[in-house]
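In what follows, residues are counted from 1 in the order of the sequence shown. None of these values were measured; they are calculated from a predicted model. These numbers come from the heavy atoms of this one structure, side chains and all, not from hydrogens, waters or symmetry mates.
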Amino acid sequence: MSAQQSHGIQTLLEAEKEAAKIVQQARQYRVQKLKDARSEASKEIEEYKKAKEQEFKAFESSYAGSTSNAQTAVDKETDATLKDITGSFRENKDRVVKKLLDRVVLVKPELHRNLSKVQS
């Protein structure tokens, strides 16, 4: 009976060792799968990042030309407005100077309206 018990104990010990090996292999497999998944995810992230950078560069280049076109249009409009203002200045300069001189030189002396109310 003791030989049978020791044989049963020996079988249980071997089964335990075998189970420990299987558990260790499963852990190693899981760790390897996690590493593979991380590396695959990092590759996908890099590819997505490159694609988005190219998309942004294309977007930027397409709108960079339109900003220079807009700047040219604004410059033309500014020049036209400046020419209009300069022309208006030249046309009205003499009249404005004459009005200012008339106001300064041609003075009509009269009492201030508040003074006339006090005297009444």
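Residues satisfying the side-chain contact (heavy atoms from CB on, under 4.5 Å) test with Thr11, not counting sequence neighbours, are His7. Legend: residues meeting side-chain contact (heavy atoms from CB on, under 4.5 Å) with Lys76, ordered by chain and number and at least two apart, are Thr72. Here Gln24 pairs with Arg27, Gln28 under the side-chain contact (heavy atoms from CB on, under 4.5 Å) rule; sequence neighbours left out. Take Tyr48 and apply the ring pair (Phe, Tyr, Trp, His ring centres under 6.0 Å) test, not counting sequence neighbours, and it matches no residue. Listed by chain and residue number, Lys52 satisfy the salt bridge (Lys or Arg N to Asp or Glu O under 4.0 Å) test with Glu55 (two or more places apart in sequence, or in another chain).
Applying the under-4.5 Å side-chain rule to Ile, Leu, Val, Met, Phe, Trp and Tyr, the cluster around Val107 consists of that residue alone. By the 4.5 Å side-chain criterion applied to Ile, Leu, Val, Met, Phe, Trp and Tyr, Val97 is assigned to a cluster that also includes Leu101. When hydrophobic residues (I, L, V, M, F, W, Y) are linked wherever their side-chain heavy atoms come within less than 4.5 Å, Ile85 remains an isolated member. Apart from Leu12 itself, the hydrophobic cluster it occupies contains nothing, where clustering links Ile, Leu, Val, Met, Phe, Trp and Tyr at side-chain heavy-atom distances under 4.5 Å.
The local environment of CD in Glu53 is crowded, with over 12 non-hydrogen atoms from other residues, nucleotides or ligands closer than 6.0 Å.
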Donor-acceptor list for residues 29-42 side chains, cut-off 3.5 Å, not counting sequence neighbours:
unit_1, atom_1, unit_2, atom_2, d
Gln32, NE2, Asp36, OD1, 3.1
Ser39, OG, Lys35, O, 3.4
Ser39, OG, Asp36, O, 2.9
Ser42, OG, Ser39, O, 3.4

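Note: Leu82 CG to Asp75 CG = 12.0 Å, rounded to the nearest 0.5 Å. Atom CG in Asp79 sits 10.5 Å away from atom CD in Glu77 (nearest 0.5 Å).
The list of side-chain hydrogen bond (donor to acceptor under 3.5 Å, both in side chains) pairs with a residue in residues 94-111, not counting sequence neighbours, reads Asn92-Arg95, Lys98-Asp102.
Test Lys17, Gln10, Glu18 against Glu14 for side-chain contact (heavy atoms from CB on, under 4.5 Å) and you get one pass: Gln10.
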